[in-house]
Asks: 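Supplied in structure tokens, the structure appears directly below.
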Number of protein chains: 2
Amino acid sequence: MNIGEAAERSGLPPKTIRYYEEIDLVIADRRENGYRDYSDVHIHKLSFLRRARGLGFSIPECRLLLSLYEDTDRSSSDVKALALSKVAEIDQKISELAGLRQTLKTLSDKCHGDDRPDCPILDDLSKAP
Amino acid sequence: MNIGEAAERSGLPPKTIRYYEEIDLVIADRRENGYRDYSDVHIHKLSFLRRARGLGFSIPECRLLLSLYEDTDRSSSDVKALALSKVAEIDQKISELAGLRQTLKTLSDKCHGDDRPDCPILDDLSKAP
DNA sequence: CCTTGACCTTCTAGTGACTGGAAGCCACAT
DNA sequence: ATGTGGCTTCCAGTCACTAGAAGGTCAAGG
């Protein structure tokens, strides 16, 4: 499929997809006319990148995460350890998000009309590491 | 307190803190000698920014989130709606992270030694929106 | 067959969010 | 008083896009 459809299916703009190719993240096949050609596997990777990037993982980190799927020697304990360390990282992110959510929820539920700077929510704000 | 201690306490590098001042996100007081001077409230905001940025919120979004705390007219339904929409956004992020976590966990638990491209994990990869 | 318009290509340049380095002021210890 | 370290501003560079220009490709309609 062409880049347009790939963009639509992965949720990434075409420009970004070309950029990801430029930096060797996801390299499309080429047709005879020079057009990029995407398969379902490409779409999987691109969707994955969109998700991971949106969640605050850097490009090098994404490259690493992607390599977990590309590495054919998956039983390697290095790869496994890497995956597990990423799992821990994600758990951390989830708990930070949960804290942020709690803060915001409390704000919208309870804190209406009073004025700031000694609002209890602000105290809560810097609790997470 | 000086920027150095503020950096240590908030977990942000001094450069970033100065940058946040430059773009009017968090403006420190100044001492007579020209040094920036930070209070606990500043630290709260900076820590909050560190967390929110690390979780993939853009600067404009952070500005918005911060404004929720600065807005003295909190009962305003606009502000409340905004907070709730952010809560929904965070729920979304959390569920994406949970999916990513699941993918990685499964990978490290079950998928060792076989070779790619029809690994069931890859199929799972693009499930989330 | 020709044109129109949507979609593709590459290239250069600009933006957002930092980040590093230079040059110089300030504060405190030896 | 002189180093040492932290502070200041400013300018330049990087990363991850993103917009725009100039041009090639292709399916549909006249």
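Order of the sequence lines fixes the chain letters, A, B, ..., with proteins taken first and strands second; residue numbering starts at 1 for each chain.
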Asks: Under the 3.5 angstrom rule, does the side chain of B/H42 hit a backbone N or O of B/V26 as a donor-acceptor pair?
Replies: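 Checking the backbone N and O of B/V26 against the side chain of B/H42, no donor-acceptor pair under 3.5 Å is found.
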Asks: Please confirm whether the shortest side-chain N or O distance from B/N33 to OP1 or OP2 of C/dA27 is below 4.0 Å.
Replies: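 Looking at the OP1 and OP2 atoms of C/dA27, one of them is under 4.0 Å from a side-chain N or O of B/N33.
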Asks: Would you say A/T16 places a side-chain N or O within less than 4.0 Å of OP1 or OP2 belonging to D/dT18?
Replies: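 Yes, A/T16 has a side-chain N/O under 4.0 Å of OP1/OP2 on D/dT18.
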Asks: Any side-chain N or O of B/Y20 less than 4.0 Å from the OP1 or OP2 oxygen of C/dC18?
Replies: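 Answer is yes, contact under 4.0 Å.
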Asks: Rounded to whole angstroms, how far apart are CZ on B/R63 and C1' on C/dA17?
Replies: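 Rounded to whole Å, this separation is 12 Å.
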Asks: On the nucleotide D/dC26, are OP1 or OP2 found under 4.0 Å from the side-chain N or O atoms that A/Y35 carries?
Replies: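 No, A/Y35 has no side-chain N/O under 4.0 Å of OP1/OP2 on D/dC26.
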Asks: Give me the one residue out of B/R36, B/R31, B/E8 that meets side chain to side chain donor-acceptor pair (under 3.5 Å) with B/N2.
Replies: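 For B/N2, the side chain to side chain donor-acceptor pair (under 3.5 Å) test succeeds with only one of B/R36, B/R31, B/E8, which is B/R31.
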Asks: Nearest heavy atom decides the nucleotide; on that basis, is B/K15 or B/E5 closer to the 5' end of DNA chain D?
Replies: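 Going by which nucleotide is closer to the 5' end, it is B/E5.
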Asks: With a non-hydrogen cut-off below 4.0 angstrom, is A/R53 in contact with a base, only sugar-phosphate, or nothing?
Replies: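 Answer is sugar-phosphate: A/R53 comes under 4.0 Å of backbone atoms only.
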Asks: From OH of B/Y19 over to P of D/dC11, roughly how many Å is that when rounded to an integer?
Replies: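 For the pair B/Y19 OH and D/dC11 P, the rounded distance is 17 Å.
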Asks: I'd like to know if the side chain of A/R101 reaches the main chain of A/K105, judged simply by a donor and an acceptor atom lying under 3.5 Å from each other, with no hydrogens or angles considered.
Replies: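 Checking the backbone N and O of A/K105 against the side chain of A/R101, no donor-acceptor pair under 3.5 Å is found.
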Asks: If each of A/Y38 and B/P13 is mapped to the nucleotide of DNA chain C with the nearest heavy atom, which maps nearer the 5' terminus, i.e. the 5' end?
Replies: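 With A/Y38 and B/P13 compared, the 5'-side residue is A/Y38.
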Asks: How close or far is atom C1' of D/dT25 from atom CD1 of A/I3, stated in whole angstroms?
Replies: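 Value for this atom pair: 15 Å.
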Asks: Applying a 4.0 Å non-hydrogen cut-off, can you work out what B/R36 is touching in the nucleic acid: base, sugar-phosphate, or nothing?
Replies: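 Contact class for B/R36: sugar-phosphate only.
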Asks: For B/K93 and A/G54, indicate whether the former's side chain and the latter's backbone hold a donor-acceptor pair under 3.5 Å.
Replies: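 Present.
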Asks: In this structure, how many angstroms lie between the C1' atom of D/dC17 and the CD atom of A/E22, rounded?
Replies: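 To the nearest whole Å, that distance equals 10 Å.
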Asks: Indicate yes or no for a side-chain donor-acceptor contact from A/D37 to the backbone of A/R30 under 3.5 Å, with no hydrogens or angles considered.
Replies: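 Looks like no, no N/O pair under 3.5 Å.
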Asks: Between C1' on D/dA12 and CZ on B/R18, what's the gap in Å once rounded to a whole number?
Replies: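 One finds 16 Å between C1' of D/dA12 and CZ of B/R18, rounded.
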Asks: Rounding to a whole Å, what distance do you find between A/E21:CD and D/dC17:P?
Replies: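 One finds 15 Å between P of D/dC17 and CD of A/E21, rounded.
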Asks: If I take atom CE in residue B/M1 and atom P in nucleotide D/dC7, what distance separates them, rounded to the nearest angstrom?
Replies: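 For the pair B/M1 CE and D/dC7 P, the rounded distance is 12 Å.
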Asks: In whole angstrom, what separates B/I59's CD1 from C/dC18's C1'?
Replies: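 It works out to 9 Å between those atoms.
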Asks: How would you label the contact of A/R30 with the nucleic acid (heavy atoms, under 4.0 Å): base, sugar-phosphate, or nothing?
Replies: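 Sugar-phosphate, backbone atoms only, no base.
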Asks: Students often get this wrong, so: under 4.0 angstrom with heavy atoms, is A/I23 touching a base, only sugar-phosphate, or nothing?
Replies: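 No contact at all - A/I23 keeps every heavy atom at 4.0 Å or more from the nucleic acid.
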